[in-house]
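The chains referred to below are lettered A, B, ... by the order of the sequence lines, with proteins before strands, and numbering in each begins at 1.
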Amino acid sequence: MPELPEVEVVRRGLQDHVVGRTIERAEFYSARVARRHHPGAHHHAEQLADNRVAEARRRGKYLWMVLQTPDGFHQGLITHLGMSGQLLVEAVDAPDEKHLHARFTFDDDGPELRFVDQRTFGGMALSDLDEAGVPEAIEHIAPDPLEAAFDQKAVVAAMKKRHSAVKRALLDQDLVSGIGNIYADEALWRACVHGERLCSALSKPVLGSILDHAREVMLEALGQGGTSFDALYVNVNGASGYFDRSLNAYGQEGRPCRRCGTPIRRESFMNRSSYSCPRCQPRPRVARLATR
DNA sequence: CTTTTCTCCTGTATGC
DNA sequence: TGCATACAGGAGAAAA
């Protein structure tokens, strides 16, 4: 379940193994992987040959390679890993994966780049870049808490105006990007706030502290995700070690809260699971009522 | 306009 | 053993 730290691990893998190389050929094996690229997968593949990978960048859970065409134009090749997407750097003679959707070979005859995705929630698309070098296709995605463009004061103000659950806001990539179900639960646990409390009912300092905790927990995860990185495997499972050792809430149902010992509970929220401490993170006292 | 729900997908785990 | 069902969940479209 790649969220910001896992995607950043992948970006660093691309930085180390792909940036600076020139694509020789791109092949797409399913239209679905390029479904966000409206001209289609065939066009997609055609546009990629002879492009030099100039940079590997990330915003939230989106990753993109800045490609330079032979004419010197720049464009973005966006990748979103979805639930189960992986970018793998592998020897050209390595056997194909069962869910291989795209392959990129390079003119140096070195290892190739593959996009493998079991559940096909992920995808790739080409997009023009804006003045800031961000693909136009993802301009709606808000800056993430780790980038310089992140304006926490503005995000807190926007949250304060929302009449929806605070966890829903944390997961809204148009408000703040990079946070998924795991790190939302972890940030809320650290801040001692139940995810179903309304944004508008929380103080700005509390909203700010939730964002601070989100940033901190993702930075910690990133520190650990880097350690399990394998040179030939641009891993989306950077959090695997992190899962076992450091998660305080997510997936911990029934285990004692590390602050107070109360068993962690699991609740259904937005058709997903939310984990929290019943004592440290009491549910909002008044049931949320639809105002209209 | 804002907010919520639905849908896409398949491997793994669980229940009868 | 086999079959059915639940679950994992990001993001965008559709609905309310």
Side-chain angles (χ1 to χ4, degrees), chain A residues 1-8 10 28-38 41 58-64 78-87 97-102 115-125 127 135-144 155 157-188 195-201 214 218 236-240 242-243 247 249-254 265-275 284 287-292:
Chain A
M1 295 146 277
E3 300 180 26
L4 187 154
E6 293 75 41
V7 178
E8 174 61 16
V10 175
F28 290 83
Y29 306 115
S30 66
R32 190 172 157 77
V33 71
R35 65 191 180 282
R36 307 274 180 224
H37 183 71
H38 297 296
R58 181 191 57 73
R59 166 165 280 182
K61 303 170 194 172
Y62 281 89
L63 192 64
W64 69 93
I78 303 168
T79 300
H80 194 291
L81 300 171
M83 276 286 295
S84 54
Q86 296 173 295
L87 283 172
E97 288 76 10
K98 182 174 178 186
H99 298 290
L100 176 66
H101 295 296
F115 183 73
V116 175
D117 189 7
Q118 173 196 111
R119 273 171 268 188
T120 68
F121 278 25
M124 306 181 95
S127 175
E136 291 172 358
I138 61 164
E139 280 181 324
H140 62 290
I141 299 295
D144 66 61
V155 174
M159 287 177 80
K160 184 72 186 166
K161 286 180 188 163
R162 290 217 173 184
H163 300 286
S164 68
V166 64
K167 181 168 176 181
R168 192 183 286 277
L170 290 179
L171 297 175
D172 184 345
Q173 306 298 301
D174 295 353
L175 188 62
V176 48
S177 69
I179 303 171
N181 203 36
I182 296 170
Y183 296 111
D185 276 4
E186 292 301 308
L188 290 164
E196 288 184 53
R197 293 183 66 185
L198 290 179
C199 287
S200 50
M218 290 195 292
V236 298
N237 298 318
S240 55
Y242 182 76
F243 268 58
L247 291 182
Y250 183 83
Q252 306 300 304
E253 184 180 17
R265 71 180 153 204
R266 180 169 79 128
E267 297 171 298
S268 187
F269 176 66
M270 291 170 74
N271 287 323
R272 272 149 189 70
S273 291
S274 286
Y275 299 88
R288 288 211 299 123
L289 298 174
T291 51
R292 186 176 298 270

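When atom types are taken as modelled, the side chain of A/Glu267 and the backbone of A/Ser273 share no donor-acceptor pair closer than 3.5 angstrom. Using modelled atom types, no side-chain atom of A/Arg35 and backbone atom of A/His37 make a donor-acceptor pair closer than 3.5 Å. Put simply, the side chain of A/Asp185 gets close to the backbone of A/Tyr275: a donor and an acceptor are under 3.5 Å apart. A donor-acceptor distance shorter than 3.5 angstrom exists from the side chain of A/Asp117 to the backbone of A/Gly122, with no hydrogens or angles considered.
The interatomic distance linking A/Lys161 (NZ) with B/dT3 (P) rounds to 11 Å, in whole Å. The distance from atom CG of A/Leu81 to atom C1' of C/dA11 is 13 Å, rounded to the nearest whole Å. The CG atom of A/Asp144 sits 15 Å away from the P atom of C/dG10 (whole-angstrom rounding). Regarding A/Arg266, its CZ atom lies at a distance of 10 Å from the C1' atom of C/dA8, rounded to whole Å. A/Glu97 places its CD atom 14 Å from the P atom of B/dG11, with the value rounded to the nearest Å. For the pair A/Asp172 CG and B/dT4 P, the interatomic distance rounds to 11 Å; values are reported in whole Å. Rounded to a whole Å, the OH atom of A/Tyr183 is 11 Å from the P atom of C/dG10. Going from atom CG of A/Leu175 over to atom C1' of C/dG10 covers 16 Å, rounded to whole Å.
For C/dA11, the OP1/OP2 oxygens have a side-chain nitrogen or oxygen of A/His80 closer than 4.0 Å.
For the side chain to side chain donor-acceptor pair (under 3.5 Å) criterion with A/Asp144, the lone passing option out of A/Arg59, A/Arg58, A/Gln173 is A/Arg58. Across A/Asp172, A/Leu188, A/Ile179, a single residue satisfies side chain to side chain contact (heavy atoms under 4.5 Å, CB included) together with A/Lys167, and that is A/Leu188.
Axis orientation changes by 60° from one end of the helix from B/dT2-C/dA16 to B/dC16-C/dG2 to the other, with each end axis drawn from 5 pairs and the value rounded to 10°.
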Every protein N/O lying under 3.5 Å from an N/O of nucleotides 12-15 of chain C:
{"from": "C/dG12", "atom 1": "OP1", "to": "A/Tyr62", "atom 2": "OH", "distance (Å)": "2.6"}
{"from": "C/dG12", "atom 1": "OP2", "to": "A/His140", "atom 2": "NE2", "distance (Å)": "3.1"}

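Put simply, CD1 on A/Ile138 and NZ on A/Lys61 are 13.0 Å apart, with the number rounded to the nearest 0.5 Å. Considering NE2 of A/His140 and OG of A/Ser177, their distance stands at 10.0 Å, rounded to 0.5 Å. With values rounded to the nearest 0.5 angstrom, A/Leu171 atom CG is found 13.5 Å from A/Tyr183 atom OH.
Within a 6.0 Å sphere centred on CG of A/Asp174, other residues, nucleotides and ligands contribute more than 12 heavy atoms.
The aromatic rings of A/His101 and A/Phe115 sit tilted relative to each other, their planes meeting at an angle between 30° and 60°.
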If a protein heavy atom is under 4.0 Å from the base, mark B; if only from the sugar-phosphate, S; if neither, -; do that for nucleotides 5-10 of chain B going 5' to 3'.
-> B--BBB

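For A/Ser273, the listed nucleotide lying nearest its side chain is C/dA8; candidates were B/dT3, C/dA8, C/dG10.
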